[in-house]
Novice: 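Handing you a structure now.
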Amino acid sequence: MADKAPLLSVKELKKTYASATGPVEAIGSITFDVHAGELVCIVGPSGCGKTTLLKCLSGLLAPTSGSVRLDGAEVTAPPKKMAVVFQEYGRSLYPWLTVADNVALPLRAQGIGKAERTAAVERAVEEVGLGHAMHKYPWQLSGGMQQRVAIARAVAYQPEVLVMDEPFAAVDAQTRADLEDLVRRVWQDLGVTVLFVTHDIDESVYLGERVLMLTNSPTTIQEDLAIDLPAERDQLSTRALPRFTELRTHVYEQIQRAKRGELVR
Amino acid sequence: MMPAVRRSLVSVGLAVGVPILLVLAWALATQGTQNLYFPTPGKVFDAFTSTWLTGATMTKHVLPSLGRFAIGVVLSIVIGIVAGTAIGATPWLRSLLEPMLEFFRAIPPVALVPVIMLILGIDDSMKLAVIVSGSVWPVLLNTIEGVRAMDPVLTDTSRSYRIRGALAYRYFVLPAASPQIMAGVRLCLSIGLILMVISEMFAASSGLGYQILFFQRQYMIAEMWSGIVLLGIVGVAVAAIFQLVERRVLHWYHGSREVSRG
């Protein structure tokens with residue numbers, strides 16, 4: 001895989017915000033590649049600029065310097081091949097549209113015909129287990145179900161890269177476990193590349209094939225770690241593996257070091 | 001009895017009972033009086049049926065009034081929403097225009113009547129201009145505010161899914177601003193009705209406002225009062241139609257608020 005050109009390539013990305021007290025350096029310098037089909041978790045201490053990084057990756061925010069390339073083309077606006085799932089599910093669904101219409105709207109924007117659209121929407125909503133709620137409004141659903149709708153919308157869009165910004169930070173633990181398994185399943189079923197941002201160390205190790213650890217702001221990459229857990233993961237047995245514990249301990253220590261500002265490579 | 005049923009019976013009782021009580025009080029207060037200015041409800045009722053429920057006044061005065069009102073408020077709503085979404089979505093345009101808009105809104109529209117008469121003469125276009133000059137502001141300013149206050153997460157969502165142009169306007173911008181827009185429309189309707197009457201009191205030869213003034217000058221006091229009653233009925237009917245439309249347009253808004261209140 002290493003000799004193939006990366007799908008997503010981030011090079012010396014830097015983001016500085018202007019503020020009343022002078023410029024604030026949110027992202028120092030970040031460089032990494034993601035290859036097609038990977039599931040990469042990005043984890044870092046809270047307030048380390050994860051959301052800023054994600055907005056730069058998805059073309060919602062222009063970096064101060066450096067570049068993001070998707071399939072070789074520089075990202076300057078939201079690219080067609082990327083879908084984003086936001087943390088605030090309650091605010092990223094259109095409350096005036098039903099579940100089906102929420103999922104269908106991006107497809108309409110792409111000019112996909114009605115028959116094809118309906119089929120794609122049905123498939124995606126079934127995939128996340130919400131077939132019974134097609135014609136409900138998002139606010140009639142629980143938080144976890146709303147985030148499922150957002151995932152269905154991203155899946156129906158058929159992106160090459162699926163970017164998720166702490167999508168499960170606001171749901172309860174049980175729902176969270178279900179949604180984590182849903183992400184793994186979607187990734188395996190669709191062969192999509194997933195970039196999953198989280199502040200939860202266990203979640204990053206359980207989900208990822210690879211974990212990128214970030215430092216405190218100004219953010220750089222602390223470590224790029226391959227997760228050598230079996231491909232079939234299960235909430236009980238995977239989390240009970242000695243290797244899982246080793247990996248999470250390692251990530252935890254690295255994050256603690258990052259918080260103290262020690263850069264260890 | 002179910003509490004919900006009891007509640008709705010009570011509200012129907014209030015809606016019907018209170019007006020009846022008021023009319024009774026009016027009848028009692030005016031019983032046997034010779035006061036010219038405050039006729040009994042019976043006299044006003046007779047004047048009402050003989051003045052307004054005849055074909056001639058209907059076509060000569062009532063329908064033209066309602067037509068001008070309808071065209072005026074529809075113009076106000078369309079202009080307000082179209083201009084408001086454009087201004088609200090363009091930050092530099094907004095900061096450029098907003099202080100000026102506040103200034104124009106602060107001018108009592110009635111003060112513009114002589115100016116508008118000078119420019120447009122005394123025909124229907126003058127009356128429409130008077131209605132629009134006052135009732136466009138709440139729609140315009142509320143639309144600007146509604147578009148400005150759109151949720152940034154939803155804006156990012158629309159951007160990242162590349163929902164743009166007419167589709168974004170129809171399915172994102174308009175619905176997102178619709179609670180504010182509808183609040184503006186409600187104000188627009190009541191201001192529009194007031195201005196309809198006022199515009200017909202200047203250099204007019206037809207309409208409800210003209211008729212009320214005409215009866216007053218002819219000392220036809222019961223008829224004058226009956227015109228005011230008709231205006232009240234029109235106002236109530238307009239408010240009822242608005243409420244029906246508002247419930248349909250904002251059903252998602254009321255629904256989600258009920259859910260979040262638990």
Side-chain angles (χ1 to χ4, degrees), chain A residues 51 54-61 75-99 101-112 136-143 146 149-150 153-154 156-159 161-165 167 170, chain B residues 81 84-85 88-89 91-92 95 142-143 145-185 244-262:
Chain A
T51 297
L54 181 144
K55 284 197 167 177
C56 291
L57 292 184
S58 54
L60 291 169
L61 199 64
V75 172
T76 50
K80 191 171 184 295
K81 297 166 184 165
M82 193 183 274
V84 185
V85 173
F86 294 93
Q87 178 185 344
E88 302 94 336
Y89 47 78
R91 291 162 56 200
S92 86
L93 297 172
Y94 302 96
W96 46 87
L97 296 181
T98 60
V99 167
D101 289 340
N102 261 287
V103 177
L105 191 59
L107 307 182
R108 262 185 94 164
Q110 281 186 306
I112 293 172
K136 290 218 159 114
Y137 287 90
W139 39 269
Q140 293 172 316
L141 307 175
S142 69
Q146 289 181 28
V149 177
R153 182 168 62 185
Y157 192 66
Q158 294 191 308
V161 184
L162 174 57
V163 178
M164 306 179 94
D165 179 18
Chain B
I81 291 176
T85 42
W92 64 267
S95 39
N142 272 36
T143 306
E145 183 53 28
V147 171
R148 194 189 61 77
M150 285 190 311
D151 194 309
V153 176
L154 212 50
T155 308
D156 276 351
T157 304
S158 302
R159 281 183 62 204
S160 72
Y161 283 116
R162 301 151 66 94
I163 298 163
R164 292 179 289 215
L167 202 67
Y169 195 74
R170 166 71 186 83
Y171 291 101
F172 170 44
V173 178
L174 275 188
S178 63
Q180 297 256 33
I181 294 176
M182 289 312 275
V185 169
L244 275 180
V245 174
E246 199 249 19
R247 283 231 179 107
R248 272 193 68 92
V249 173
L250 295 186
H251 72 99
W252 60 271
Y253 179 70
H254 297 306
S256 60
R257 277 171 50 114
E258 251 165 58
V259 169
S260 67
R261 274 200 300 265

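Chain naming here is simple, since letters A, B, ... match the order of the sequence lines and numbering starts at 1 in each.
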Novice: Is the backbone of A:Ala109 close enough, under 3.5 Å, to the side chain of B:Arg162 for a donor and an acceptor to pair up by distance?
Specialist: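 No, because the side chain of B:Arg162 does not come within donor-acceptor range (under 3.5 Å) of the backbone of A:Ala109.
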Novice: Which bit of B:Ala176 is near chain A, if near means a heavy-atom gap under 4.5 Å: side chain, backbone, both or neither?
Specialist: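 For B:Ala176, the contact with chain A is made by backbone and side chain together.
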Novice: Answer yes or no: is there a donor N or O on one side and an acceptor on the other, between the side chain of B:Trp252 and the main chain of A:Leu97, under 3.5 Å?
Specialist: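 Answer holds: no.
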Novice: Which answer fits A:Leu107, side chain, backbone, both or neither, if we ask what part of it has an atom under 4.5 Å from a heavy atom of chain B?
Specialist: neither
Novice: Of the backbone (N, CA, C, O) and the side chain (C-beta and beyond), which part of B:Leu167 lies under 4.5 Å from a heavy atom of chain A, both, or neither?
Specialist: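 Only the side chain of B:Leu167 comes within 4.5 Å of chain A.
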Novice: So what's closer than 4.5 Å to chain B heavy atoms on A:Leu60: side chain, backbone, both or neither?
Specialist: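 The answer is both parts of A:Leu60.
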Novice: Is A:Ser92 in contact with chain B via its backbone, its side chain, both, or neither, using a 4.5 Å heavy-atom distance?
Specialist: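 The answer is both parts of A:Ser92.
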Novice: Need one label for A:Lys80: side chain, backbone, both or neither, based on atoms under 4.5 Å from any heavy atom in chain B.
Specialist: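 Looking at A:Lys80, backbone and side chain both touch chain B.
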Novice: Answer with side chain, backbone, both or neither: which region of A:Pro159 has an atom nearer than 4.5 Å to a non-hydrogen atom of chain B?
Specialist: neither
Novice: Would you sort out whether B:Ser160 and A:Phe86 count as a side chain to side chain contact (heavy atoms under 4.5 Å, CB included), showing the intermediate values?
Specialist: CA-CA 11 Å; B:Ser160 72; A:Phe86 294 93; 4.3 Å; yes
Novice: Side chain, backbone, both or neither: which part of B:Phe172 has a non-hydrogen atom closer than 4.5 Å to chain A?
Specialist: both
Novice: Quick check on B:Asp156 against chain A: is it the side chain, the backbone, both or neither that has a heavy atom closer than 4.5 Å?
Specialist: both
Novice: Counting only heavy atoms closer than 4.5 Å, note whether A:Ala154 contacts chain B via side chain, backbone, both or neither.
Specialist: both
Novice: Does the side chain of B:Ser158 pick up a donor-acceptor pair with the side chain of A:Tyr94 at under 3.5 Å?
Specialist: yes
